[in-house]
Amino acid sequence: MSRLVVCLLLLASVVYGDRHDKYEGHQLYRVAGSSEEITNLDNNLDILSANPASRSTSGKFEALVRLSPEEKAEWIPYFERNGMTYTKVVDNLATILRDEENKIEQARRRRDSDVPIWEDFRRHEEINEHLDALAAEYPDTVTVINAALSYEGRQIKLVRISTSRFEDLRKPVIVIDAAVHAREWITPPVALYIINQLVVDIVDSDLTERLDWIIIPLVNPDGYEYSIDEDRMWRKTRSLNHPGSFECPGVDGNRNFDHEWGTNENAGNPCTIVYEGPTPFSESETRVIRDAVQQQINRAAMYISLHSFGSMFLYAWGNNGSLPINGLSLHLAGVRMAQAIDNVALEGADTYIVGNAAQVLYFTTGTSRDWTRAVGVPLTYTLELPGYEYGFLVPSDYLPQIVTETWSGIREGAKYVIDVYGV
Ligand SMILES: *[C@@H]1O[C@H](CO)[C@@H](O)[C@H](O)[C@H]1NC(C)=O
Ligand SMILES: [Zn+2]
């Protein structure tokens, strides 16, 4: 390329910019502190992930936080005052986001166009088309239900998988959802792969003959599409139903459930990234999960919400750190799933942590994990998938590994459910 062309291109990107410009100068810091201090950060800043003391290099609880230049001016002194150690890990987030985009493009060019749907990041429409095609091809086992419209009017699809048309009321039900948080792009591929293993590549017919499944592969399509087109870091829904929504649209779907909702003052601020919404279940997206679970409440034995990232199985109660009465089973089933994943994980990857959400991380309210446990589902988890060194910007090259290893864990969890609740 001639120097002139390079100059023009540079100029064009300066003048016109791209959608990652808003993260120009944003930096990522690894901050170590007490659980209370990190909770305070969670209420005020964008925490990308947290690392329990048992796994951190500092031996303290650590969080990966994003700081805009303005936030940096405010929060670095706060870290200093509170004796929290901090290290910069990313100097300019915008550069990282542009790199990610290039990597995805390159991977696409390297592959033929008909790679399995779970080996790339797909648009909402493509995922829905795939699900409808599957239902048409496997009418005996797959039913795709148009569960609700998102705030912006996108179809949220729910997949029911059953060899008995959901009519055998003795079968336990497993419910799995993905992409409640928009930016966690690796979660829909995992859900789609689980569906494939149950329906197409039937690896273990017991899993559908003795269990029924409800899978919602893309809970928050508005946020997801927005994270592709506009803002890679978008996490919430895109609703405008709350006071202050013009300035700060959207609700954190995983704070919007009716469990200890409203008990954390900070989550009531529409501009925090963990905004709980104007009322519990204010979002049609979270109501899809609520209704799916409630309709099968007598049979629902396991609920797993797929998130990214941190390699963890987290269970209740996230609001206060005490254990539900079946804490031992929650731990046992969690460990079985975690070990199944660790056995086939990439060399050098973090091993999975299994534990109470508040003890491993920090206090949270209004989560789907705690709500499902509270309404009577015995085994409920937030599953934080691996991030390797990329966080939730995991390149699509890792998708085959992540979907297959996670499937090993889910399969083990399903076997546990059959052992304990099956007939
Ligand atoms: C912790 O929260 C759960 C769920 O709201 C509640 O059932 C339990 O009693 C609480 N435990 C303590 C020690 O406050
Ligand atoms: Zn999440």
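As the structure lists them, so they are numbered: ligands from 1, and atoms in each ligand from 1.
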Protein contact of atom 5 (O) of ligand 1 - nearest heavy atom, named by residue and atom, plus distance: Glu260 OE2, 2.6 Å

Side chain to side chain contact (heavy atoms under 4.5 Å, CB included) test vs Asp397 passes for just one of Gln106, Glu119, Arg110, namely Arg110

Give a yes/no verdict on a cation-pi contact between Arg160 and Phe166, requiring under 6.0 Å between NZ or CZ and the six-membered ring centre and an angle within 45° of the axis. yes

Determine whether any protein heavy atom is located less than 4.0 Å from atom 9 (O) of ligand 1. no

By atom name, which N, O or S atom belonging to His181 lies closest to the Zn ion (ligand 2)? ND1

For ligand 1, which atoms, with element, lie under 4.0 Å from some heavy atom of Trp317? 3 (C), 4 (C)

Is the ring centre of His242 less than 6.0 Å from the ring centre of Tyr275? yes

Does a donor on one side chain sit under 3.5 Å from an acceptor on the other, for Glu276 and Asn256? no

Look at Glu384 and state whether any of its N, O or S atoms is less than 2.8 Å from the Zn ion (ligand 2). no

State the atoms of ligand 1, each with its element, that fall below the 4.0 Å cut-off from a heavy-atom position in His259. 4 (C), 5 (O)

Given the options Ile341, Leu330, Val335, Val360, Phe313 meets side chain to side chain contact (heavy atoms under 4.5 Å, CB included) only with Ile341

Shortest protein heavy-atom distance from atom 1 (C) of ligand 1, along with the residue and atom involved: Asn320 ND2, 1.4 Å

Which single N/O/S atom of His307 lies at minimum distance from the Zn ion (ligand 2)? ND1

With ring centroids as reference points, do Tyr303 and Tyr381 lie under 6.0 angstrom apart? no

Note: Asn319, heavy atoms under 4.0 Å from ligand 1, region reported as side chain

Given the rule in the salt bridge (Lys or Arg N to Asp or Glu O under 4.0 Å) test, do Glu152 and Arg154 qualify, once you have shown the distances and angles that lead to the verdict? CA-CA 6 Å; Glu152 291 177 346; Arg154 294 186 175 87; 2.8 Å; yes

